[in-house]
Enquirer: 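Structure provided below as structure tokens; questions to follow.
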Amino acid sequence: MKRIYLLFVSLMVAITLQAKPFTLVIDAGHGGKDPGAVGKKLKEKDINLRVALALGKLVEQNMPDAKVVYTRKTDVFVELNQRANIANRNKADLFISIHTNASGVNRSVKGTETYTLGMHRAASNLEVAKRENSAIMMENDYEEKYEGFDPKSSESYIIFELMQDQYMKQSVDLAGNIQRQFSSTAGRRDRGVYQAGFLVLRATSMPSVLVELGYITTQEEENYLATNKSTEELSRSLFNAIKQYRNGK
């Protein structure tokens with residue numbers, strides 16, 4: 001009798017686990033009063049949202065067991081800590097934050113980068129984190145919310161040296177998939193996988209990455225990012241990477 005009961009419990013657990021949908025949270029960076037990086041004709045927030053919505057549509061159409069949650073679906077401002085809270089509340093299996101890069105010096109730089117949470121190992125990575133984290137300065141009482149974190153101060157980032165991310169391996173695996181897909185599917189220049197101190201990744205309790213789709217400050221890149229072709233290729237790249245990640249590849 002006890003054996004039958006244990007078999008029944010095991011079966012119910014298996015059914016419950018199988019029934020749980022794969023939950024993907026897609027975060028379109030910036031929005032509303034926060035335009036993000038600005039090019040000659042485009043704003044980062046708009047590029048991010050287009051690719052985020054296209055990615056979500058691909059997942060919904062091709063992964064029937066998946067649940068897609070967006071941190072925003074329109075041009076609204078969402079605080080960084082709320083983006084992570086949305087992922088945590090929904091018990092997400094993956095969190096992908098979509099951004100577009102900028103360069104204040106090199107106006108010919110091109111390509112994609114994908115970041116996981118960690119300590120910056122190069123000055124350029126720190127500058128990317130500073131720029132993306134500066135969005136908190138548009139929030140009310142950001143000093144109190146983020147416990148005195150100053151997005152412009154290098155000293156504030158020392159905390160990321162001390163943090164241990166239990167999802168680091170999964171995050172790095174996903175980031176590698178994404179970069180390979182950007183290269184093979186979209187023909188983008190692979191600028192690599194890096195670690196940096198992004199606040200939007202710090203509070204998530206699941207594998208998480210932040211992608212930079214291209215450089216809005218490089219004219220050739222901005223022209224590409226303005227096209228429907230770029231939206232299709234970049235979203236397809238992300239979808240393929242997610243599919244590979246789920247298949248353990």
Enquirer: Closer than 3.5 angstrom, by distance alone: can the side chain of Ser205 be matched with the main-chain N or O of Asn88 as a donor-acceptor pair?
Expert: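 No; zero donor-acceptor contacts below 3.5 Å.
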
Enquirer: Check this for me, if you would: do Asp173 and Lys169 make a salt bridge, where the nitrogen-to-carboxylate-oxygen distance has to be below 4.0 angstrom?
Expert: yes

Enquirer: Side-chain heavy atoms under 4.5 angstrom apart, residues restricted to Ile, Leu, Val, Met, Phe, Trp, Tyr: same cluster for Leu238 and Val68?
Expert: yes

Enquirer: Ignoring hydrogens and angles, tell me if any N or O in the side chain of Glu233 forms a donor-acceptor pair with the backbone of Thr185 under 3.5 Å.
Expert: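 Judged by distance alone, no pair lies under 3.5 Å.
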
Enquirer: Which of parallel (below 30°), tilted (30 to 60°) and perpendicular (above 60°) describes His99 and His30?
Expert: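 Because their plane-to-plane angle is over 60°, the rings of His99 and His30 count as perpendicular.
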
Enquirer: Considering all heavy atoms of both residues, which atom of Ala186 and which atom of Leu234 are nearest to each other, and what is their separation?
Expert: CB-CD2, 4.5 Å

Enquirer: Please answer: with hydrophobic residues joined when any side-chain heavy atoms are less than 4.5 Å apart, are Leu55 and Val78 in the same cluster?
Expert: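 No, Leu55 does not connect to Val78 through the hydrophobic network.
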
Enquirer: Restricting to non-hydrogen atoms, name the atom on Gly39 and the atom on Ile216 that form the minimum distance, rounded to 0.1 Å.
Expert: N-CD1, 3.5 Å

Enquirer: Using the rule given for side chain to side chain contact (heavy atoms under 4.5 Å, CB included), can you reason through Asn240 versus Phe182, listing the C-alpha separation, both sets of side-chain angles and the distance that settles it, and then say yes or no?
Expert: CA-CA 9 Å; Asn240 288 346; Phe182 276 149; over 6 Å; no

Enquirer: Report yes or no: does Asn177 contribute a side-chain atom to a donor-acceptor pair with the main-chain N or O of Gln244 at less than 3.5 Å?
Expert: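 Side chain of Asn177 to backbone of Gln244, a donor-acceptor pair under 3.5 Å: no, none is there.
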
Enquirer: What do the steps show when you test Glu60 against Lys67 for side chain to side chain contact (heavy atoms under 4.5 Å, CB included), and what is the final call?
Expert: CA-CA 7 Å; Glu60 290 166 341; Lys67 174 186 176 183; over 6 Å; no

Enquirer: With a sphere of 6.0 Å drawn around CG of Asn228, does it hold more than 12 non-hydrogen atoms of other residues, nucleotides or ligands?
Expert: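 Open: at most 12 neighbouring heavy atoms sit under 6.0 Å from CG of Asn228.
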
Enquirer: Just checking, is any N or O donor in the side chain of Asn48 or Thr100 under 3.5 Å from an acceptor N or O on the other one?
Expert: yes

Enquirer: Going by heavy atoms in the side chains, are Ile242 and Leu24 under 4.5 Å from each other?
Expert: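 A side-chain contact exists here, since the closest heavy-atom pair is under 4.5 Å.
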
Enquirer: Consider only side-chain heavy atoms of I, L, V, M, F, W and Y, link residues closer than 4.5 Å, and tell whether Val211 and Tyr70 are in one cluster.
Expert: yes

Enquirer: Side-chain donor-acceptor pair under 3.5 Å between Asn90 and Thr23, yes or no?
Expert: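 Result is no, nothing qualifies.
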
Enquirer: Answer yes or no: is there a side-chain heavy-atom contact under 4.5 Å between Glu113 and Asn101?
Expert: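 Yes - at least one pair of side-chain heavy atoms lies under 4.5 Å apart.
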
Enquirer: Is there a donor-acceptor pair closer than 3.5 Å between any side-chain N or O of Lys45 and the backbone N or O of Gly29?
Expert: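 No; judged by distance alone, with no hydrogens or angles, the pair does not exist.
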
Enquirer: So does Lys33 have more than 12 non-hydrogen atoms from other groups sitting under 6.0 Å from NZ?
Expert: yes

Enquirer: Under a 4.5 Å cut-off applied to non-hydrogen side-chain atoms, are Val200 and Phe95 in contact?
Expert: yes

Enquirer: Got a donor-acceptor contact below 3.5 angstrom from the Arg107 side chain to the Ser103 backbone?
Expert: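 Yes; at least one donor-acceptor contact below 3.5 Å.
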
Enquirer: Checking the side chain of Ser235 only, and the main-chain atoms of Val51 only, is there a donor and an acceptor separated by less than 3.5 Å?
Expert: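 Judged by distance alone, no pair lies under 3.5 Å.
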
Enquirer: Determine whether Asn223 and Lys41 make a side-chain contact, defined as any pair of heavy atoms from C-beta on separated by less than 4.5 Å.
Expert: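 Yes, their side chains come closer than 4.5 Å.
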
Enquirer: Could you tell me whether the side chain of Thr227 and the main chain of Ser230 form a donor-acceptor pair under 3.5 Å?
Expert: yes

Enquirer: Please check if Val69 and Leu80 belong to a single hydrophobic cluster, counting links between Ile, Leu, Val, Met, Phe, Trp and Tyr side chain heavy atoms closer than 4.5 Å.
Expert: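 Linked, Val69 and Leu80 end up in one cluster.
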
Enquirer: If hydrophobic clusters are built from ILVMFWY residues whose side chains come within less than 4.5 Å, do Ile178 and Leu58 share one?
Expert: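 Yes; tracing contacts between hydrophobic side chains, which count when under 4.5 Å, links both residues.
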
Enquirer: Donor-acceptor check, side chain of Arg83 to backbone of Ala28, threshold 3.5 angstrom: yes or no?
Expert: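 Yes: the side chain of Arg83 pairs with the backbone of Ala28.
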
Enquirer: Evaluate the side chain to side chain contact (heavy atoms under 4.5 Å, CB included) criterion for residues Thr114 and Leu210: first the C-alpha distance (whole Å), next the side-chain angles of each, then the deciding distance (0.1 Å), finally the verdict.
Expert: CA-CA 6 Å; Thr114 301; Leu210 184 147; over 6 Å; no

Enquirer: Is there a donor-acceptor pair closer than 3.5 Å between any side-chain N or O of Tyr215 and the backbone N or O of Glu212?
Expert: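 It does not hold such a pair.
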
Enquirer: Got Leu49 and Arg72 here, is their nearest side-chain heavy-atom distance under 4.5 Å?
Expert: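 The answer is yes, as the side chains (C-beta and beyond) meet within the 4.5 Å cut-off.
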
Enquirer: More than 12 foreign heavy atoms under 6.0 Å from CD of Gln219: is that the case here?
Expert: yes

Enquirer: Salt-bridged, Arg236 to Glu232, with N to O below 4.0 Å?
Expert: no

Enquirer: Grab the two heavy atoms, one from Asp93 and one from Pro21, that are nearest each other, plus how far apart they are.
Expert: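 Minimum heavy-atom separation between Asp93 and Pro21: OD2-O, 3.6 Å.
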
Enquirer: Less than 4.5 Å apart, side chain to side chain, heavy atoms only: is that true for Ile47 and Glu44?
Expert: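 Ile47 vs Glu44: side chains apart.
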
Enquirer: What's the verdict on side chain to side chain contact (heavy atoms under 4.5 Å, CB included) for Lys243 and Met63, showing C-alpha distance, side-chain angles and the deciding distance?
Expert: CA-CA 9 Å; Lys243 186 165 62 174; Met63 291 183 180; 3.9 Å; yes

Enquirer: Examine distances only and state if a side-chain atom of Arg188 and a backbone atom of Leu213 form a donor-acceptor pair shorter than 3.5 Å.
Expert: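 Here the side-chain-to-backbone pair exists.
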
Enquirer: Answer yes or no: is there a side-chain heavy-atom contact under 4.5 Å between Thr112 and Gln179?
Expert: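 They are in side-chain contact.
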
Enquirer: Is the shortest distance from a Lys or Arg side-chain nitrogen in Lys43 or Asp34 to a carboxylate oxygen in the other one below 4.0 Å?
Expert: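 Asp34 and Lys43: not salt-bridged.
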
Enquirer: What are the two closest heavy atoms between Tyr167 and Met206, and how far apart are they?
Expert: CE1-N, 3.5 Å

Enquirer: Can you find a heavy atom in the side chain of Gln181 that is under 4.5 Å from one in the side chain of Phe239?
Expert: no

